[in-house]
Each structure stands twice: as C-alpha cells, then as structure tokens.
Amino acid sequence: MYRILVWKVLLGILPPHQETHPVVMVYRREQYKDVHHALEVIRFVNDSSPKIDVFLYMYQLETGKLSRSQMYTLQPQDELFLTIAAAMEEMVDDDVDCYWLIKNFVHHLDTKFRDSQQQLQKGFEHYLNIEDSRLVTHLKACSALDKLPYHLWFRKCFAGCLPPSSLQRVWDKLVSGSCKILVFVAVEILLTFKMKVMALNKADTINDFLEKIPEDNTDPIINKAIDLWHKHCGIPAHSV
C-alpha cells in the first residue's frame, strides 16, 4: 500500500516531511509537463508514442543527451533505461510518479551500484558453491559459469526476468540501499531449477533458460532468496 510513497521518499523524489509532499508533487508534475511539452514542440513525441520511449526522451532532454535525430543507435545506458522503464510501468499507474521513479531509480543504480557487477558475480559463485557445489561443478564443466545472464541479473536487476509482483520485492531492497539481494535471487533461481539446469549441457541453452524462467513460481523464489540473504548476511540493514 505504501510502497510507491516509500520509494519516492528513499529515492529523493519527496522529502521526508509529509506535510511538504503535496507542494513538492505539484512542482514535480509541472516539471514533467514542461519537459513533455518541449518534446511535443520539437516533434519528438506525439499521442501515439510508446510511453517508455517518451520517458527516455524526457530523461535525455533533462540530462542534455537528447539526439538531434530519432534514428540514432540506442546506447547500453538507453537500453537499461528502457528495460527499467518497462518494468516500472507495470508497477506504477500514475505517469508522473512512474517517470520520476524510473529517472531516480536509474540514477540510484548508476551512482550506488554501477561498479558492483564483478563483485556480485563473485558473490554469486561463492554462495552458490556453499549451497550446492555440484551445481557449480556442472556449470564449470559446461563452460557456462562465466556465461550466465549476469547483465540481466546484476545490471538490469532482474527487470524483464521476474514478474512485477516478485520484482518489486527485490527492488524494495535495492531502493533501501542493498544490492546483495540480487546475488541471493540469482542463487535461488539456480537452486530452484537445479534439475533442469543439470539436464542441460551447453552454456547457451543454460543461459537461454535462465533468461526466461517460468513466471508462475517466482514468489517462492523471492521468499527463499530473502531467507538465504538473512542466513548468510544476518541483519538486513547491515547487508549492503
């Protein structure tokens, strides 16, 4: 019920003081309308433009990175933004809230966790080996351990991999300041689908399966991942 409000406060969209929230949101909405209108004036967007594309153009305009042509090649950072935006759009109904949450969440990831991917990958290997060394041995034998979808897991933070109901619980931890939850979600995915992964013997097929895991079993995966997080890291507040 309060998730969106808490995210807005933790990501700096709203100040901690509740009495100022209405005034600040008026300002946020006006800024949103101004940027959106500017894109309409220069004919970058119209009523039929996909919403996540509009959000990307708004972000690029605000950060001084908007191309003069819409035919430019998407950069990795643009693709990350669009992936996060597509996931956030499924969680948030209000367009203004959605844009500000995407914008500030992407900034949060860039400033706090940008250089963490290698460390997260090592952590994944370490904890998976503790939980199931045979699985690690199998992945190494298939030359798959270095080819797992780490970018999807640790850069895109499972956007496009988990359904919204599960993803928002993972992002709760990220917004709160801990990226280590990503490691344990990845570990638990491997443990949950161990039989399937053990039956595959090619790196590409293992990677393809893990990129598109069945979505009907993800809530228990997140529950177990949080349990693993507590088991190995203790008090969550100290698990950054």
Side-chain angles (χ1 to χ4, degrees), residues 1-14 25 28 32 49-56 58-59 74 77-110 112-113 116-117 120 124 148-193 207-230 236 239:
M1 179 178 177
Y2 293 106
R3 173 175 278 117
I4 301 304
L5 174 61
V6 172
W7 283 11
K8 285 162 71 174
V9 172
L10 291 176
L11 291 172
I13 299 163
L14 290 174
M25 279 313 300
R28 299 298 190 200
Y32 176 94
S49 300
K51 196 177 296 182
I52 62 172
D53 290 350
V54 174
F55 290 157
L56 175 61
M58 291 176 65
Y59 180 71
L74 286 175
Q77 186 65 14
D78 301 327
E79 293 176 354
L80 172 66
F81 186 97
L82 289 172
T83 302
I84 297 293
M88 191 72 79
E89 187 186 13
E90 293 190 63
M91 302 179 198
V92 185
D93 295 329
D94 182 86
D95 287 353
V96 176
D97 282 348
C98 190
Y99 171 68
W100 278 100
L101 283 166
I102 296 164
K103 172 183 169 181
N104 285 36
F105 186 56
V106 168
H107 178 73
H108 179 69
L109 296 178
D110 275 347
K112 194 167 180 65
F113 307 132
S116 299
Q117 185 164 336
L120 292 172
F124 164 78
L148 297 179
Y150 295 117
H151 187 73
L152 172 65
W153 293 345
F154 303 145
R155 189 74 182 110
K156 294 183 178 180
C157 306
F158 293 95
C161 175
L162 296 173
S165 62
S166 299
L167 186 63
Q168 61 191 9
R169 295 175 62 203
V170 177
W171 285 10
D172 282 343
K173 310 294 185 273
L174 291 171
V175 169
S176 300
S178 175
C179 63
K180 212 163 191 178
I181 186 63
L182 300 174
V183 169
F184 296 108
V185 174
V187 168
E188 188 53 46
I189 285 174
L190 266 293
L191 296 176
T192 298
F193 296 106
N207 184 78
D208 290 345
F209 172 74
L210 292 174
E211 283 187 344
K212 298 177 181 178
I213 61 172
E215 292 193 354
D216 57 352
N217 196 35
T218 55
D219 283 341
I221 288 174
I222 303 307
N223 291 337
K224 292 176 183 177
I226 293 172
D227 288 342
L228 275 180
W229 186 39
H230 294 174
S239 305

Check your understanding: Do the non-hydrogen side-chain atoms of Leu191 and Lys224 ever get within less than 4.5 Å of each other?
Key -> no
Revision key, fill the gap. Rounding to 0.5 Å, atoms CZ (Arg155) and OG (Ser116) come to a distance of 9.5 Å
Review point. What is the distance from atom NZ of Lys156 to atom CD1 of Ile84, rounded to the nearest 0.5 Å?
Key: 9.0 Å
Exercise for review: Can you run down the side-chain hydrogen bond (donor to acceptor under 3.5 Å, both in side chains) pairs that involve residues 83-99, sequence neighbours left out, and say none if there aren't any?
Suggested key: Lys8-Asp97, Arg29-Asp94, Lys51-Asp95, Glu62-Tyr99
Check your understanding: For the residue pair Phe158 and Phe154, does the interplanar ring angle fall in the parallel (under 30°), tilted (30 to 60°) or perpendicular (over 60°) class?
Key -> perpendicular
Point to revise | Residues which pass side-chain contact (heavy atoms from CB on, under 4.5 Å) with Asn217, listed by chain and number, not counting sequence neighbours | key: Thr192, Pro220
Check your understanding: Which heavy-atom pair separates Val54 from Ser49 by the least distance, and what is that distance?
Key -> CG2-CB, 3.6 Å
Review point. For the residue pair Trp153 and Leu190, what are the closest heavy atoms and their distance?
Key: CH2-CD2, 3.6 Å
Practice item. Supply the atom-to-atom distance Phe184 CZ to Ile221 CD1, rounded to the nearest 0.5 angstrom. Key: 16.0 Å
Check your understanding: Is any side-chain heavy atom of Arg169 closer than 4.5 Å to a side-chain heavy atom of Asn223?
Key -> yes
**Study point:** Euclidean distance, Glu211 CD relative to Leu148 CG, rounded to 0.5 Å
**Key:** 10.0 Å
**Study point:** Heavy-atom closest contact (Ala159 atom, Trp171 atom, distance)
**Key:** CB-CZ2, 3.8 Å
**Study point:** Value rounded to 0.5 Å, distance of CZ in Arg28 from OH in Tyr32
**Key:** 14.5 Å
Practice item. For residues Leu174 and His108, report the shortest heavy-atom separation together with the two atoms involved. Key: O-NE2, 2.8 Å
Practice item. Measure the OH-CG distance between Tyr59 and Asn104 for me, rounded to the nearest 0.5 Å. Key: 9.0 Å
Check your understanding: Going by heavy atoms in the side chains, are Val187 and Phe124 under 4.5 Å from each other?
Key -> yes
Check your understanding: Are any non-hydrogen side-chain atoms of Leu182 and Phe113 less than 4.5 angstrom apart?
Key -> no
**Study point:** Residue His107 excluded, over 12 heavy atoms near NE2 under 6.0 Å
**Key:** no
Point to revise | side-chain contact (heavy atoms from CB on, under 4.5 Å) involving Ser166 - partner list, sequence neighbours excluded | key: Leu162, Pro163, Thr218, Asp219, Ile222
Check your understanding: Taking all atoms of both residues into account, what is the closest heavy-atom pair of Leu82 and Ile52, and its distance?
Key -> CD2-O, 3.5 Å
**Study point:** CA sep, side-chain torsions, deciding dist, call: Val96, Met25, side-chain contact (heavy atoms from CB on, under 4.5 Å)
**Key:** CA-CA 9 Å; Val96 176; Met25 279 313 300; 4.3 Å; yes
Check your understanding: Is there a side-chain contact between Met91 and Leu167 (heavy atoms, below 4.5 Å)?
Key -> yes
Point to revise | Closest non-hydrogen atom pair, Cys161 against Leu152 | key: CB-CD2, 3.9 Å
Check your understanding: With a 4.5 Å limit on heavy-atom distance, are the side chains of Phe55 and Trp100 in contact?
Key -> no
Review point. Do Lys173 and Lys180 touch side chain to side chain, with heavy atoms closer than 4.5 Å?
Key: no
Review point. So, do Ile102 and Val92 sit near enough that their side-chain heavy atoms are less than 4.5 Å apart?
Key: no
